[in-house]
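Residue numbers start from 1 in every chain, and the chains themselves are labelled A, B, ... in the order their sequence lines are given, proteins ahead of strands. Computation of the quantities below employed the complete heavy-atom set of this structure, encompassing side-chain atoms and omitting hydrogens, waters and symmetry-equivalent molecules.
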There are 2 protein chains.
Amino acid sequence: MKKLRNITPLENLSLVDKVENRLKEYFRENNLKIGDSIPKELEFAEALGVSRTVIREALLRLRTIGVIESKKRKGMVLTQPDIIQNFEKAIEYNLLGEQTLTDIFELRLILEMGMADLLFARMTKEDIEDLDTIVAEQEKEEVNTSIFSLEHEIAFHGKLYEMSNNTTLQRFQDLLLPVFSYVHDNMSPEAKNFKYSKGTFVTHRDLLNILKTGTPERFREAMRNHLEPHLEKVLHMAK
Amino acid sequence: MKKLRNITPLENLSLVDKVENRLKEYFRENNLKIGDSIPKELEFAEALGVSRTVIREALLRLRTIGVIESKKRKGMVLTQPDIIQNFEKAIEYNLLGEQTLTDIFELRLILEMGMADLLFARMTKEDIEDLDTIVAEQEKEEVNTSIFSLEHEIAFHGKLYEMSNNTTLQRFQDLLLPVFSYVHDNMSPEAKNFKYSKGTFVTHRDLLNILKTGTPERFREAMRNHLEPHLEKVLHMAK
DNA sequence: TATCTTTATATGTATGACATAATACAAAAA
DNA sequence: TTTTTGTATTATGTCATACATATAAAGATA
């Protein structure tokens, strides 16, 4: 039998899919902005000639991704979708694959190495003081317990993100924390041991000092060393 | 009248909200993984004592964020949510605020500066050849038209993301392209003019050469220069 | 064995009814 | 007048039922 080629399959969209597309068109055509209210379900249903059920399903999708909000009696209004929140929802279900998790962890490394210029441009005296406190706290505890604590790790690096003054980036990191701890927990014991061994590698204190008196370039290099155990693991991983 | 204090409002979750939470619990308790199939709508409805409508709405939310897929007659199975796709959907509606767009653009700069180590560790001979072609193409056209083309910009930087070999990162950039062009279009003419003015700033060719014979540090520094006009604009923006 | 046809079934769509919460407005109280 | 309280209205939220549709799986046909 001759192979069938060059024939595009006819689109197989469900009614809800079509309605969703029409809604998107509608928003575009009418140039609707955040805060604008949209017609009620029954009006849409009538105008498009479908049941309220279908309209509701389409609208519900929009509600789920945060494009609209609805209130009883008041109706529906367009809202600014919270891109991070969608992310979050997906993660809550613990269904991200190994590869995605690794990718995301890698993303963290990239972010922290790339953040240098932003940090130097935006850091304030208060930021430095905060970091000082965080590092001092860590050093005090480590003398006693000599146990690596994920908490301090998060406190220090979290503060860096905060200093970036980029809300999206910051929330991104908030939400990725569980991923970080996941990867952290699943790291080989060896990697854990030689991590942050003072002297060999750059410590939080070192990073802080560079922030105080150094340059973005030096900071990047230092951060690279600081993250080296992670980097090594990730870089040489079979992809 | 005495002021009312210390009374927490009682939770006001819709039925669908509650059902959604119960479903999440259910997945957790039964330790369900990607690929596992779940009971049908009617069974859930009966088990939870609510109408099929409510169950469907809750399930639809999950379907929207990509946690489940459903097929007629077959039922529903857990799927790996595509975090990028969710992002994408939100963006399609053109409802992201100015601030978010700026944040995201900033994110791009951070990513490209932070990517250096990854690139050097993972680039192949073919990658370099591809880049060579892209740059040559650009140079040829620029001689004729001397017009800056977003296309070449995207081709070159897109290739870099591709070379990172990080699928998530790559798709992230794919989806952010519209944001990039948006910010690009809205840039002040001055910024556009002194951008990539050969000689003054680092060109794509320069970056490529560093990739061939240089080091990650040099590449980072070069990329910093290359992106300087963008960086300046963003760094000194009132936040 | 391979291919076609039928059948059972879970999701998809339609309809109509009622519940609920939020608004606007009227009425009452201060 | 101002503030509080009640009431009607209305758009979304929930329910029940029926039917449409696609398709996996079983059965029939070659």
Side-chain angles (χ1 to χ4, degrees), chain A residues 1-4 9-23 26-27 30 32 35-79 81, chain B residues 1-4 7-23 26-27 30 32 35-79 81:
Chain A
M1 184 181 142
K2 204 176 173 214
K3 199 129 181 220
L4 191 54
L10 43 85
E11 51 180 322
N12 192 13
L13 294 175
S14 76
L15 203 44
V16 178
D17 288 329
K18 289 179 198 160
V19 167
E20 193 192 347
N21 289 334
R22 297 281 284 115
L23 287 177
Y26 176 83
F27 296 152
N30 295 71
L32 296 183
D36 293 345
S37 61
I38 60 176
K40 50 197 191 194
E41 297 175 343
L42 277 173
E43 287 174 353
F44 273 128
E46 201 169 344
L48 295 182
V50 296
S51 73
R52 193 179 153 215
T53 312
V54 170
I55 295 290
R56 268 186 73 79
E57 285 218 3
L59 288 171
L60 178 53
R61 288 187 187 174
L62 302 194
R63 208 162 10 230
T64 303
I65 61 175
V67 166
I68 64 175
E69 264 177 14
S70 57
K71 283 194 171 168
K72 281 177 181 170
R73 151 100 205 198
K74 198 178 181 185
M76 296 171 290
V77 296
L78 291 186
T79 54
Chain B
M1 184 185 137
K2 207 177 170 211
K3 197 115 179 239
L4 188 55
I7 181 164
T8 52
L10 43 85
E11 54 177 318
N12 192 13
L13 293 176
S14 77
L15 203 45
V16 177
D17 287 329
K18 290 179 198 157
V19 168
E20 193 192 345
N21 289 334
R22 297 281 283 113
L23 286 178
Y26 175 84
F27 295 152
N30 295 69
L32 295 184
D36 292 346
S37 60
I38 60 177
K40 52 197 189 191
E41 297 175 344
L42 276 174
E43 288 175 355
F44 274 126
E46 201 168 347
L48 295 182
V50 295
S51 73
R52 192 180 151 214
T53 311
V54 169
I55 295 291
R56 268 187 73 80
E57 284 215 10
L59 289 171
L60 179 53
R61 289 186 185 175
L62 303 193
R63 206 163 8 226
T64 303
I65 62 174
V67 166
I68 63 174
E69 264 177 15
S70 57
K71 282 197 172 165
K72 283 178 178 168
R73 151 97 207 203
K74 197 180 181 183
M76 296 171 290
V77 296
L78 291 186
T79 54

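Following rounding to the nearest Å, A:D17 (CG) and C:dT11 (C1') show an atom-to-atom distance of 14 Å. Separating the CD atom of B:E57 from the C1' atom of C:dT13 is a distance of 14 Å, rounded to the nearest angstrom. The CD-P distance, from B:E41 to D:dA16, rounds to 15 Å in whole Å. The distance from atom CD of B:E46 to atom P of D:dC15 is 14 Å, rounded to the nearest whole Å. For the pair B:L15 CG and C:dA19 C1', the interatomic distance rounds to 12 Å; values are reported in whole Å. For B:E69 and C:dA10, the CD to C1' distance is 16 Å, given to the nearest whole Å. Rounding to whole angstrom units, CG of residue B:L48 and P of D:dT14 are separated by 14 Å. Distance CZ (A:F44) to C1' (C:dT13): 19 Å, rounded to an integer number of Å.
The shortest non-hydrogen separation linking A:T79 to A:G66 is OG1-O, 2.9 Å. Contact between B:F44 and B:P39 at its shortest, heavy atoms only, is CE1-O, 3.4 Å. Counting all heavy atoms, side chain and backbone alike, B:R61 lies closest to B:S14 at NH2-OG, 4.5 Å.
Comparing B:V16 and B:K71 by the nucleotide of DNA chain D that holds the closest heavy atom to each, the one mapping nearer the 5' end is B:V16. Each of B:N12 and A:V50 lies near DNA chain C, and the nucleotide nearest A:V50 is the one positioned closer to the 5' end. Looking at which nucleotide of DNA chain C each of A:S51 and B:L42 is closest to, the 5′-most match is held by B:L42.
Annotation: side chain of A:E57 is not in contact with side chain of A:E20 (no heavy-atom distance under 4.5 Å).
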Report the C-alpha separation of B:Y26 and B:L48 in whole Å, then their side-chain angles, then the decisive distance to 0.1 Å, and conclude whether the side-chain contact (heavy atoms from CB on, under 4.5 Å) test is met. CA-CA 11 Å; B:Y26 175 84; B:L48 295 182; over 6 Å; no
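Between C:dG12, C:dA14, D:dT12, one nucleotide has an atom nearer to the side chain of B:R52 than all others, and that is C:dG12. Looking at the side chain of A:R73, the nearest of the listed nucleotides C:dA14, C:dA24, D:dG13 is C:dA24. Looking at the side chain of A:K72, the nearest of the listed nucleotides C:dT13, C:dT20, D:dT14 is C:dT20. The listed nucleotides are D:dT14, D:dT12, C:dT11; the one nearest the side chain of B:M76 is C:dT11.
A sub-4.0 Å separation between OP1 or OP2 of D:dG13 and a side-chain N or O of A:R63 is present. Contact annotation: B:K40 reaches the phosphate of C:dA10 (side-chain N/O to OP1 or OP2, under 4.0 Å). Considering only side-chain N and O atoms, B:R56 lies under 4.0 angstrom from the phosphate OP1 or OP2 of C:dG12.
Among the heavy atoms of the strands lying under 4.0 Å from A:T53 is at least one base atom, whether or not backbone atoms are also near.
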